[in-house]
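As the structure lists them, so they are numbered: ligands from 1, and atoms in each ligand from 1.
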Amino acid sequence: MNWEIFNKAADSLPEVFWESPVDCGLILGSGWGSVLTCDEVIASVKYDRIPGLGQTSVVGHAGELRLYLRHGLRIAAFMGRRHYYEGAGMEPVVMPVELLRRMSGRRLLVTNASGGINPKFKAGDLMVITDHLNTVGINPLIGPVNPNWGVRFPDLSHVYNPELSAILREAAAEIGVSLWDGVYAFTAGPVFETPAEVRAYAGMGADAVGMSTVPECTLAAAIGIPTAGLSCIANPAAGIQSEALNHQEVLDATQKATPRMATLVDAFLRRFA
Ligand code: HPA
C-alpha cells in the first residue's frame, strides 16, 4: 500500500474536514448517490480533485465527497466508489476508509447494489449485510504491517457490527421498509458471474453477489471502525433468471428503490442524534 497517496489526498482536503470528529461515514455505491438528505452542506469536493482517488469510471457513481450536517450529526459521504476491477489497485478503493480514520470517524455505513442469489430475493429488495465471502483472495491488508491499520492477523468475526445492523433493522421497521439479512459474496468483476459460479456461491452460503464493499469493510474492521452494510438487490444473479444481465438493469432497479433507500439511511442516521 502506498501511504504517500493517502497523505496527498488528506492534504488536498479543506481544513474544515479535520476540525471535529465525523459521526458517520457513508460510502454510497451504484444507485445510492442521490439518497442524501442534508440540513447544511459544509464542504463538497469532486473526486478528481482528490489525488489518488480520481474520477470513478462507473456510470451511476457521482464522484463527490460531501461533508454535511443532518440531525445535528457531522456526516462524510463518499458519493460513488472506486472498484478493484478499475485496475488502479487497492489505494483508491479503500481511500474513503483511510480518510474517515483520519477524520476520527465514529462509524461507517457502506452501501452497494448486488445480484440476488437467495431465491426469495426480488429486484429492489434491501438486505443488511451480516457477513461476507471474499472469493477474490486479495485484500487491502496484504503487505507490510501498518500500525494505523491494526494487527498482522485481524479478527473478522464481526466485520458488520451487530449493534449497527440491529439499528438498521429498527430504523427499517420504524419506517415500514422490509429488510432481508444476508451474506454478500465479493467477486473481482467486472464480469458478471457465470451460472455455475452463482450455484457455487449459493452452496457456500451467499445470499447476494457483487463487485465491491468487502475491501473497504475488511479495512474498517481491522482499524476498528464499527461498520454496517446495506445492499440493494438489483437483479437475480446469473442463472437464477434466464435473461442476460446488464448494468442498466442495475441502475433502473436501484433508481426505483431510491425513495426507500433514502428514508432508511435518514432513519438510521437519526438514531445517533
Ligand atoms: N453480480 C455482481 N455484481 C452485481 C450484480 C450481479 O448480478 N448486480 C449488481 N451488481
Handout entry: Enumerated ligand 1 atoms positioned under 4.0 Å from heavy atoms of N235
Key = 5 (C), 6 (C), 7 (O), 8 (N), 9 (C)

Problem - atom 10 (N) of ligand 1 - nearest protein heavy atom and its distance - result: A113 O, 3.4 Å

Practice task
Please confirm whether Y160 and H132 have ring centers closer than 6.0 angstrom.
Solution key: yes

Exercise for the section: May I ask you to list the atoms of ligand 1 that are less than 4.0 angstrom from any heavy atom of M211? Expected result: 2 (C), 3 (N)

Exercise for the section: Provide, to 0.1 Å, the distance between atom 3 (N) of ligand 1 and the closest protein heavy atom, together with that atom's residue and name. Expected result: G210 CA, 3.4 Å

Fill in the blank from the handout: side chain to side chain contact (heavy atoms under 4.5 Å, CB included) with L269: of I167, I75, T37, only one passes, and it is I75

Exercise for the section: Using the six-membered ring wherever Trp is involved, compare the ring planes of F268 and F272 and label them parallel, tilted or perpendicular (cut-offs 30° and 60°). Expected result: perpendicular

Fill in the blank from the handout: Under 4.0 Å between heavy atoms, the region of T187 that gets near ligand 1 turns out to be neither

Practice task
Check whether any side-chain heavy atom of R106 lies under 4.5 Å from a side-chain heavy atom of P21, and answer yes or no.
Solution key: yes

Exercise for the section: For E193, take its heavy atoms, then give the atoms of ligand 1 lying under 4.0 Å from any of them. Expected result: 1 (N), 2 (C), 6 (C), 7 (O)

Handout entry: Proximal ligand 1 atoms for G115, defined as those under 4.0 Å from one of its heavy atoms
Key = 4 (C), 5 (C), 6 (C), 7 (O), 8 (N), 9 (C)

Practice task
Could you tell me whether S114 approaches ligand 1 through its side chain, its backbone, both or neither, with non-hydrogen atoms closer than 4.0 Å?
Solution key: backbone

Handout entry: Lys/Arg cation over aromatic F6: R102, 6.0 Å, 45° cone
Key = no

Practice task
Test the R169-W180 pair against the cation-pi criterion, namely NZ or CZ under 6.0 angstrom from the six-membered ring centroid and within 45° of the ring axis.
Solution key: no

